[in-house]
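In the text below, chain A, chain B and the rest are named by the order of the sequence lines, each starting its count at 1.
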Number of protein chains: 2
Amino acid sequence: MTLEILSTNRSHGGTQGVYRHRSDTTGTAMTFAMFVPDHEAGAKLPVLWYLSGLTCTHANVMEKGEYRAACAEHGVIFVAPDTSPRGEGVPDDPDGAWDFGLGAGFYVDATEEPWARHYRMRSYVEDELPSLILRECPAADLARQGITGHSMGGHGALTVALRTPDRFRSVSAFAPIAAPTQCPWGEKALSAYLGADREAWSAYDACALIDAGARLPDLLVDQGEADIFLGEQLKTELLAEACGRAGQKATIRMQPGYDHSYFFISTFMAEHIAWHAERLKD
Amino acid sequence: MTLEILSTNRSHGGTQGVYRHRSDTTGTAMTFAMFVPDHEAGAKLPVLWYLSGLTCTHANVMEKGEYRAACAEHGVIFVAPDTSPRGEGVPDDPDGAWDFGLGAGFYVDATEEPWARHYRMRSYVEDELPSLILRECPAADLARQGITGHSMGGHGALTVALRTPDRFRSVSAFAPIAAPTQCPWGEKALSAYLGADREAWSAYDACALIDAGARLPDLLVDQGEADIFLGEQLKTELLAEACGRAGQKATIRMQPGYDHSYFFISTFMAEHIAWHAERLKD
């Protein structure tokens, strides 16, 4: 395994890097962004994972997410993977839609053809990339991990955390797709990647996982009230109801006037990072 | 004059807008970005101008500049114009180079053909756009203006401020082209826009203006030491020397490890905004 450095830039008292590696999981090259605050030799820093939304690569949050100042202040490493496999031989939505295929891996391990070979983003973010970070970034303390994400990546953050309860000390999300089995984006993606049997979908639905007994250590969610996807796609209220039924500790904040964009995400990013940092203390 | 709203997004407790208008000065449509923090009805807020660098539009700093949190905190309006006229009939560098023509107006009023008709960014940022903001944005207090910018826009900020000493209470720059008459970018642009007579260039050279007696109220400059353009194009040392000769108050900070990118700009943006806000208090 070699990690190719595509770029490094000094920023906010740390190093913002972009890295590429050959992924055995997806059978493609994969690119991710990682910010490492300056630290003393031998120091160990907690790791905050950020999973991005539909159409995004590692670059969107790196450019627009405004996370570096807060990560430097709190001494948190920030890792942002891509949202799907890419490259020669990777199939895309047959109609070229932006809500499926390239940029829309939905953090699942596909079982249906032609997706099953490459679309294995669940295993990539749950297993391969953490192992790579552990090997290649000695400052990363994988005993202290948090996870967050936006929209499809908020769905990813919630479901990865619900399925791996010992891995994360802190979980948050920005405008997550809260119940993919009950919205058009999710139904399109899950039926194509996993087939028609809805039983197989429930491992990829935060509300279904909570109803089935999975729990998070705690949860912070911000959701813009002016988000055009709120009613049909995101369904924040179903997450609030599932948390209520389960007694799951959660802070779900509706933010008046805010939409689905990085103008929204960046506004609340520093608060999320502080919230994670508090729970990721040594 | 009508101001067309291209977009508005709520962000960091304010409104990030993108606006387009027909410019009499450039003879084209012009687009700019403006962030207005929430404020009480009738309140007046100071205005900080940001002039962008080569190849940029209003969008680069809007997406990557990380200015909104600090502007909201300090109650400062932030206006980011485009860097050149654009559109049908606007000539570009005949070889398509990125350092001249479109995206590279150098904040001059061109006198040479074929540039003289449209390339009038000096008058646009000095006269037309401030008048437009005064008319269209009642919260903007043009008695309290500051100006900053990056690279070519740092050159713009310095020279606009040096030529209009009563307009700005605060001036700063990120990695400015400090002496355009003495570097390849500047020599190419000024000779094409203004002709071979170097006398005409001196109104567009911060060091020459300071040597000729122009003064700034104060000056803050950040410059990355790892900036690949530092030696040949930016020549920060000439600005420091000119300020020294003139007794011009200035804080010029060399920042180890930082390059010419928005990873650098965003790191020091909040400090610049705080510095301006202190000088723009009511």
Side-chain angles (χ1 to χ4, degrees), chain A residues 6-18 33-38 56-73 78 174-175 222-228 230 253-274, chain B residues 6-18 33-38 56-73 78 174-175 222-228 230 253-274:
Chain A
L6 298 185
S7 65
T8 60
N9 297 85
R10 184 153 183 76
S11 192
H12 286 288
T15 302
Q16 177 63 63
V18 179
M34 179 167 65
F35 177 72
V36 181
D38 289 354
C56 290
T57 68
H58 68 282
N60 302 67
V61 71
M62 182 176 80
E63 296 178 348
K64 304 179 186 177
E66 303 190 14
Y67 57 81
R68 281 177 288 273
C71 283
E73 178 188 347
F78 190 98
F174 302 86
D222 276 304
Q223 171 62 57
E225 289 187 351
D227 187 327
I228 59 168
L230 174 54
R253 308 191 297 193
M254 300 303 293
Q255 302 288 0
Y258 285 89
D259 61 23
H260 200 62
S261 71
Y262 272 94
F263 293 112
F264 154 68
I265 301 168
S266 62
T267 299
F268 300 101
M269 181 63 86
E271 288 182 34
H272 279 240
I273 290 167
Chain B
L6 298 185
S7 64
T8 60
N9 297 84
R10 183 152 184 78
S11 192
H12 286 288
T15 302
Q16 177 64 62
V18 179
M34 179 166 65
F35 177 72
V36 181
D38 289 354
C56 289
T57 69
H58 67 282
N60 301 68
V61 72
M62 182 176 80
E63 296 179 348
K64 304 179 187 177
E66 302 190 15
Y67 57 79
R68 282 176 288 272
C71 283
E73 178 188 347
F78 189 98
F174 301 86
D222 277 304
Q223 171 63 56
E225 289 186 351
D227 186 329
I228 59 169
L230 174 55
R253 308 190 299 193
M254 301 303 293
Q255 301 288 1
Y258 285 88
D259 61 22
H260 200 62
S261 71
Y262 272 94
F263 294 112
F264 154 68
I265 301 169
S266 62
T267 299
F268 300 102
M269 181 63 86
E271 288 182 34
H272 279 239
I273 290 168

Return the option, out of Ala69(A), Ser266(A), Pro256(A), Ala226(A), with the maximum number of heavy-atom pairs under 4.5 Å with chain B.
Ser266(A)
Part of Glu66(B) within contact of chain A (heavy atom distance under 4.5 Å):
both
Heavy-atom side-chain proximity of Arg68(A) to Thr15(A) below 4.5 angstrom:
no
Side chain to side chain contact (heavy atoms under 4.5 Å, CB included) between Gln255(B) and Arg10(A): does it pass, once the steps are laid out?
CA-CA 10 Å; Gln255(B) 301 288 1; Arg10(A) 184 153 183 76; over 6 Å; no
For Gln223(B) and Ala175(B), the nearest pair of non-hydrogen atoms, with its separation, is OE1-CA, 3.0 Å
Just to be sure I understand the criterion: a residue of residues 56-64 of chain B counts if one of its heavy atoms is under 4.5 Å from a heavy atom of chain A. Which ones qualify?
Met62(B), Glu63(B), Lys64(B)
With Asp259(B), which residues qualify under side chain to side chain contact (heavy atoms under 4.5 Å, CB included), at least two apart?
Asn9(A), Ser261(B), Phe264(B)
Under 4.0 Å between a Lys/Arg side-chain N and an Asp/Glu carboxylate O for Glu271(A) and Arg253(A)?
yes
Compute the ring centroids of Phe268(A) and Tyr258(A), then answer whether they are less than 6.0 Å apart.
yes
Looking at the rings of His272(A) and Tyr67(A), which for Trp means the six-membered one, are their centres under 6.0 Å apart?
no
